Amino acid sequence: MAKINASYRKLAAGYLFPEIAKRTRAFSEANPDADILRLGIGDTTESLTPTIVDGLSQAVQSLGTPEGYSGYGDSEGIGALREGIAEMYAGTSIHADDIFVSDGAKSDSSNIQSIFSSDNVIAVQDPAYPVYVDSNVISGRTGNATEGVYDGLVYMPCTAENGFFPELPSQKVDIIYICSPNNPTGAVATHAQLQRFVDYAIENKAIIIFDSAYAVFIQDDSLPKTIYEIEGAEKCAIEISSFSKSVGFTGVRLGWTVVPDAVTCEDSEPGEIKKLWTRRQNTFFNGASNIVQAGGVAALNPAGKEEMKQLVSFYMENARIIREGLTKLGITAYGGDNAPYVWLKTPEGIGSWEFFDKLLEECHVVGTPGAGFGPAGEGYFRLSAFGHRANVEEAVKRISEQLKLG
Ligand code: PL4
């Protein structure tokens with residue numbers, strides 16, 4: 001008799017982003033004339049840059065020739081791309097051999113837990129990108145949820161009071177998820193903040209899963225762009241990152257994970273965790289598309305990097321427009337200075353799903369309710385800066401003129 005993985009039944013709600021899409025669709029069907037502006041899901045909107053289009057096109061052309069054709073590649077990724085990504089870690093101990101190319105940070109951030117024991121205690125920032133929690137729920141590392149709070153999961157609240165970066169967990173934990181620049185709060189961890197977690201991880205033989213999907217959006221050069229800028233991080237941290245937001249590959253799909261040789265936990269030798277991840281990827285993954293990887297190589301050449309910089313500046317200007325517009329209205333807003341998300345305190349203590357409905361009904365603007373990212377997200381709301389400029393400006397105008405407050 002076959003049985004299902006009953007841990008799926010523990011999932012407290014539908015996955016956040018389809019839920020937003022579903023509610024938006026329902027509103028749109030009921031209000032067919034409404035011109036809806038979407039600042040909800042963090043999905044890029046600007047077209048691919050010319051250097052990347054060239055890189056992708058050349059790869060396609062080459063595949064059409066006998067000498068340029070290639071089939072299955074190494075699941076770790078092509079050498080040129082691993083080298084190009086490793087250059088982003090210049091000044092740290094990371095080298096190309098530590099880079100595992102993938103089809104995106106989402107799959108890596110959900111798959112990485114599979115190489116660790118099912119009795120590990122998991123700590124997550126609260127609020128957090130939902131994949132960290134859901135993948136561990138599915139893998140049986142939690143109990144049931146009560147009002148969206150899972151038994152056995154350690155929530156590290158990120159609040160206005162602590163600058164949206166958590167204190168160290170008060171109990172011993174084994175796997176710690178940190179995202180910086182943070183989705184959804186837009187906060188960026190400092191060297192000192194990360195150093196405390198790295199020291200904790202080394203002392204407790206814990207592992208940090210560090211999601212740096214938004215690292216290129218950091219404008220303040222004094223802030224760390226990778227956890228490997230932190231002393232000792234190569235002994236306890238695995239970093240996951242992405243081309244999605246930096247060059248608009250949300251649909252193209254390309255990411256990577258860094259697993260240094262030195263990273264160890266309680267019962268592993270140096271090199272073993274890297275071997276496990278290699279084995280996992282070799283078994284379950286046939287590598288990212290060769291065409292897409294060529295696009296990634298192009299993105300990292302000098303012209304590609306310059307275009308990436310311009311794209312990032314464009315979205316960061318959107319973030320500035322959103323945050324400034326909200327602040328002018330008297331709404332308390334965070335983030336948006338080193339991250340493409342603005343995290344606002346819902347006015348008048350409105351619940352975050354209630355604010356979602358209000359914004360949609362009164363302004364025809366879609367955002368993401370903070371409660372969808374965890375219990376500490378209640379009373380907050382996220383607006384994404386990944387929109388066309390005209391839409392972002394129009395959304396801010398509508399919020400200023402049509403949102404009924406007081
Ligand atoms: C909607 C912290 C967005 N359907 O594109 P990837 O897989 O390389 O990266 C996904 C990812 C990884 N890490 C963090 C992220 O914020 C994201 C993307 N998050 C959002 O609005 O929060 C898109 C979400 C997408 C999804 O479920 O990931």
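First listed ligand is number 1; within each ligand, the first listed atom is number 1. Keep in mind that what you see is a predicted model, and the values were worked out from it rather than measured. This chain uses plain numbering: 1 for the first residue, then up along the sequence.
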key: Of Phe164, Tyr341, Trp343, the residue whose pairing with Tyr334 passes ring-ring contact (aromatic ring centres under 6.0 Å, His included)   = Phe164
ask   = Sequence neighbours excluded, which residues qualify as salt bridge (Lys or Arg N to Asp or Glu O under 4.0 Å) partners of Glu19?
value = Lys22, Arg23
Answer yes or no: is there an ion pair linking [X] with [Y], defined by an N-O contact shorter than 4.0 Å?
{"X": "Glu317", "Y": "Arg320", "value": "yes"}
{"X": "Glu393", "Y": "Lys397", "value": "no"}
{"X": "Lys274", "Y": "Asp261", "value": "yes"}

task = State whether a side-chain donor-acceptor pair under 3.5 Å links Glu46 with His388.
result = yes
inquiry  = If the criterion is any heavy atom closer than 4.0 Å to an atom of ligand 1, which residues make the list?
reply    = Tyr15, Phe17, Ile41, Gly42, Gly104, Ala105, Lys106, Tyr129, Tyr132, Cys179, Asn183, Asp211, Ala213, Tyr214, Ser242, Ser244, Lys245, Arg253, Tyr341, Arg382
